[in-house]
Amino acid sequence: MPKQAPSQPPAMLLFVATPGEQRAVQGASGAVQVVCTGVGPANAARAARRALTALPPDCRPLVAVFGIGGALSPSLAVGDAVLGVHTRLVEGDPLPGCPATLARAADRLTAAGFTVHQGDHLTTPYVVCQAAEKRRLHAQTTALVVDMESHAIARAAQRSELPLLLLRIISDDSHQDLPNLNAGLDPNYALRPLGMTATLLSHPLAAARFLRHLRHALMKLRQAADVCLTDLF
């Protein structure tokens, strides 16, 4: 749901998937309308349709998707920023981001000290937890990072002929397996607290590493949002 209804038409519709990501971008100005979609492509598609349909007729905002993501390329490290040239599925045509906005964001983030990569974002309907699968998906698609929402939001932006900015901060690399986080989600991608707790407790070392990296990635997302939302307007 939208963070709050802006007093004026937004210059940017900023989509995030989780409350943690929403908190990371909570310093967004009044020109930015933040929409928390929920996890997964179906939830993202519904939230994007609602938000875009509610825009005033002459409002043409930048559509941005910010969040954390899993590295597919072995060259990426936790905390790196990946700006999306395209978002894609495993099969089908990729959807492009806005080159001019991407270039401005890359310049701002690099100047702020981020390690910045530019490449494709891959959307899957599940959390990719196994390092071997991440590397296989990278070889198959050349995408750098995987998420669960970007392509659905980009599709809605394309239908409305709106420019797109994609930014993911790496929360897990392609060298270490994650616990099976899918066991902690129900079919609608809502958190199953008992299932998630059981998954994390059954892999304590991997869980501790995952939670440590997640905290770091969210901190870097907050910093990246401060840079982008301050300097892109």
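Count residues from 1 along the sequence.
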Next on the checklist: Do V145 and F15 land in one hydrophobic cluster if side-chain heavy atoms of ILVMFWY residues count as linked below 4.5 Å?
Outcome noted: no
Checklist entry - Would M12 and L229 satisfy side chain to side chain contact (heavy atoms under 4.5 Å, CB included), going step by step from the backbone distance to the final call? => result CA-CA 9 Å; M12 175 191 283; L229 300 181; 3.6 Å; yes
Item to check | Short side-chain to backbone donor-acceptor contact, T141 and A143, under 3.5 Å | outcome: yes
Item to check | Minimum heavy-atom distance P10-P61, with the two atoms named | outcome: O-CB, 3.4 Å
Checklist entry - For the residue pair G84 and L102, what are the closest heavy atoms and their distance? => result O-CD1, 3.3 Å
Checklist entry - Is there a donor-acceptor pair closer than 3.5 Å between any side-chain N or O of R192 and the backbone N or O of A183? => result yes
Item to check | Min side-chain heavy-atom separation S73-H117 under 4.5 Å | outcome: no
Next on the checklist: Could you go through V16 and L221, starting from their C-alpha distance and side-chain angles, then the distance that decides it, and tell me whether this counts as side chain to side chain contact (heavy atoms under 4.5 Å, CB included)?
Outcome noted: CA-CA 11 Å; V16 297; L221 177 62; 5.8 Å; no
Checklist entry - Would a distance-only check, ignoring hydrogens and angles, find a side-chain to backbone donor-acceptor pair under 3.5 Å from D177 to A131? => result yes
Next on the checklist: Would the distance check show the side chain of S171 and the main-chain N or O of G69 forming a donor-acceptor pair, the cut-off being under 3.5 Å?
Outcome noted: yes
Next on the checklist: Is there a side-chain contact between K134 and H138 in this structure, where contact means two heavy atoms from C-beta onward sitting under 4.5 Å apart?
Outcome noted: no
Item to check | Shared hydrophobic cluster, L95 / I153 (ILVMFWY, side-chain heavy atoms < 4.5 Å) | outcome: no
Item to check | A217 to I68 - nearest heavy-atom pair and separation | outcome: CB-CG2, 3.9 Å
Checklist entry - Applying the 4.5 Å side-chain criterion to the ILVMFWY set and letting contacts propagate, would V39 and L178 be lumped into a single cluster? => result yes
Checklist entry - Does some side-chain heavy atom of R46 sit less than 4.5 Å from a side-chain heavy atom of N43? => result yes
Checklist outcome for this item: Note: F114 and A224 closest approach over all heavy atoms is CZ-N, 3.4 Å
Checklist entry - To which residues is L122 joined in a hydrophobic cluster, defined by side-chain heavy-atom contacts under 4.5 Å among Ile, Leu, Val, Met, Phe, Trp and Tyr, whether direct or through other members? => result L72, V90, Y126, V128, L137, V146
Next on the checklist: Restricting to non-hydrogen atoms, name the atom on L165 and the atom on L83 that form the minimum distance, rounded to 0.1 Å.
Outcome noted: CD1-CD2, 4.1 Å
Next on the checklist: Would you compute the distance between atom NE2 of H121 and atom CG of L144 and round it to the nearest 0.5 angstrom?
Outcome noted: 7.5 Å
Checklist entry - Which pair of heavy atoms, one from A24 and one from L218, lies closest together, and at what distance? => result CB-O, 3.9 Å
Checklist entry - In the single-linkage hydrophobic clustering (I, L, V, M, F, W, Y; side-chain heavy atoms under 4.5 Å), do I170 and V227 co-cluster? => result no
Checklist entry - Any donor-acceptor pair under 3.5 Å linking the side chain of T87 with the backbone of H151? => result yes
Next on the checklist: What I'd like to find out is whether the side chain of P9 reaches to under 4.5 Å of the side chain of L55, using heavy atoms alone.
Outcome noted: no
Item to check | Common cluster, L167/M219, ILVMFWY with side-chain heavy-atom separation under 4.5 Å | outcome: no
Next on the checklist: When you measure from the side chain of E149 to the backbone of P41, do you find a donor-acceptor pair of N or O atoms at a distance under 3.5 Å?
Outcome noted: no
Next on the checklist: Quick check on D93: does its CG atom have over 12 non-hydrogen neighbours (other residues, nucleotides or ligands) under 6.0 Å away?
Outcome noted: no
Next on the checklist: Strictly distance-based, threshold 3.5 Å: is any side-chain N or O of R49 a donor or acceptor partner for the main-chain N or O of A156?
Outcome noted: no
Next on the checklist: With a 3.5 Å distance limit and no angle check, can you tell me whether R60 reaches the backbone of E161 through a side-chain donor-acceptor pair?
Outcome noted: yes
Checklist entry - CG of L109 to SG of C228: how many Å apart, nearest 0.5 Å? => result 4.0 Å
Next on the checklist: Less than 4.5 Å apart, side chain to side chain, heavy atoms only: is that true for L185 and V127?
Outcome noted: yes
Checklist entry - Would you say the side chain of V35 lies within less than 4.5 Å of the side chain of R50, judging by non-hydrogen atoms? => result no
Checklist entry - Can you find a side-chain donor-acceptor pair between H86 and D120 that sits under 3.5 Å? => result yes
Item to check | Side-chain touch L166/D147, heavy atoms, less than 4.5 angstrom | outcome: no
Item to check | Euclidean distance, T115 OG1 relative to D80 CG, rounded to 0.5 Å | outcome: 5.0 Å
Next on the checklist: For a quick check under 3.5 Å, do R155 and Q158 share a side-chain donor-acceptor pair by atom type?
Outcome noted: yes
Checklist entry - Any donor-acceptor pair under 3.5 Å linking the side chain of N188 with the backbone of A190? => result no
Next on the checklist: Does L52 form a side chain to side chain contact (heavy atoms under 4.5 Å, CB included) with V63? I'd like the steps, not just the answer.
Outcome noted: CA-CA 9 Å; L52 293 172; V63 173; 4.3 Å; yes
Next on the checklist: Quick check for you: to the nearest 0.5 Å, what is the distance between D226 atom CG and Q26 atom CD?
Outcome noted: 9.5 Å
Checklist entry - Is F210 close to H203 at the side-chain level, that is, under 4.5 Å between some pair of heavy atoms? => result no
Checklist entry - Just by distance, do the side chain of Y189 and the backbone of P125 share a donor-acceptor pair under 3.5 Å? => result yes
